[in-house]
Each structure stands twice: as structure tokens, then as C-alpha cells.
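The block underneath contains the structure these notes are about, expressed in C-alpha cells.
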Amino acid sequence: MSSADKNLSVFKTEDLPDISNKRFAILVAEWNTEVTEKLFEGAYQTLVAYGAKAENIERGNVPGSFELTLGSQWFAQRDDIDAVIALGVVIQGETKHNDYINHAVSQGITNVSLKTNKPVIFGVLTPNTMEQAVDRAGGIHGNKGDEAAMTAIKMLGLYSQIAQGIAYGKYF
Ligand code: DLZ
């Protein structure tokens, strides 16, 4: 399925882990804030809908998507944070700036995730137009924030299965 056809708010929800005692951090970029606030709402509501406690969800704002990497690291380094969700919108087009930002953030977040051994989720929309962004922030293509939150939940579940040695259980 191409990303244009995918609804970001539709996902498989079998075998999700208990996240009632997991702690999450959501970072929100302030560029294109009308869209990033919708991403935040989606991520927050999805975490709560699947069992996270409101008091276990923290939020941090960063000026732009470029700063998501360092903000993520500050959260992920904390022992009491289990997963970080980084949300931003970088509209492609007018300048080459977006290439630098997108590359730096995707690489940076990957590095933070590997360094801290925690899920640090790339919830950054990189559309060509603002309309495409709106379509993916609670519009006709669902909400990237929902998808980012579900990805964090699933990665915590996978980690738990692997740590317990039961990741193979249901496939063989
Ligand atoms: C500078 C910039 C530009 C041109 N575009 C975006 C954007 O579309 N989305 C976004 O989140 N941030 C943008 N920024 C700001 C950078 O991410 C960063 O905050 C500044 O370059 C300061 O380091």
C-alpha cells in the first residue's frame, strides 16, 4: 500500500502490551503548530485509549523539528521514561532547508534510540504541501500522531517479548 492510500489511524491491535505503568514523553515542534497540535492530540489520545495513565504522559515543546533530536535525548536519558514520541511537520518545497532538517532529525532520532535502547518514534510529517499535512493530522488519511503512539506501544510490547524469550511463541 502506498503512503497516499494508508490511513494512519488504522492499525492491528492484537496482543498489545499492558502500558498502564509505562511512562511516555511526547515532544512537539512549534513550527506549523496548527498541525503539530493535532499530531499531539492524536498521540496523547491513542496512548490513553490503549491504557496509558494521563499522569504518565509528559509533554515538551521544541522550537522546530531540528530540535526534536536533542529534546528526545534529554527525555530518553531519564530512567523513568520508557518511550519518546517526537512530533513535527516539515513542509517540502521552497528551500532545501527541509532536506537538511529531515535528514538530521531522522538520523538523530535513530541515534538517540540506539544509544538509549528505547523506542524514540519519528512522528514527523514530511509532505509537499500544507494540505497533505492536514490530511495526515486528523484528516482523510488519519493522524500521524496516532500512528506514532501505536508504534511506541508496539515497540514496548516487542521489547518485553524479546526480553522474556517469548517473541517466537505465537508463530511456531
Ligand atoms: C528553519 C525551518 C524551516 C525553514 N522549516 C521548518 C519546518 O518546515 N518545520 C519545522 O519543524 N521547522 C522548520 N524550521 C526550523 C528548524 O527546525 C529549526 O528550529 C531552526 O533551524 C533552528 O535550529
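Every number for a ligand or one of its atoms is a count from 1 in the order of the listing.
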* To do: Apply the test side-chain hydrogen bond (donor to acceptor under 3.5 Å, both in side chains) to residues T46 and D146: give CA-CA distance (whole Å), side-chain angles for both, the deciding distance (0.1 Å), then the verdict.
  => CA-CA 6 Å; T46 298; D146 294 358; 3.2 Å; yes
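- Seen from the ring of Y44, R59 does not count as a face-on cation partner, given the 6.0 Å and 45° thresholds.
- Per-residue contacts place I91 under 4.0 angstrom from the following atoms of ligand 1 (heavy atoms of the residue considered): 8 (O).
- Ion pairing of E147 with K144 is present here, as a side-chain N (NZ or NE/NH1/NH2) and a carboxylate O approach within less than 4.0 Å.
- Annotation: V89 places an N or O atom under 3.5 Å from an N or O atom of ligand 1; distance criterion only.
- Summarising the geometry, atom CD belonging to Q92 is positioned 10.5 Å from atom CD1 belonging to I101; distances are rounded to the nearest 0.5 Å.
- One finds the CG atom of N102 at 7.5 Å from the OG atom of S65 (value rounded to the nearest 0.5 Å).
- Within the 4.0 Å heavy-atom criterion, the part of I101 lying near ligand 1 is the side chain and not the backbone.
- Shown in contact with E67 at under 4.0 Å from a heavy atom are these atoms of ligand 1, numbered in order with element: 18 (C), 19 (O), 22 (C), 23 (O).
- Near F66, meaning under 4.0 Å from any of its heavy atoms, are these atoms of ligand 1: 16 (C), 17 (O), 18 (C).
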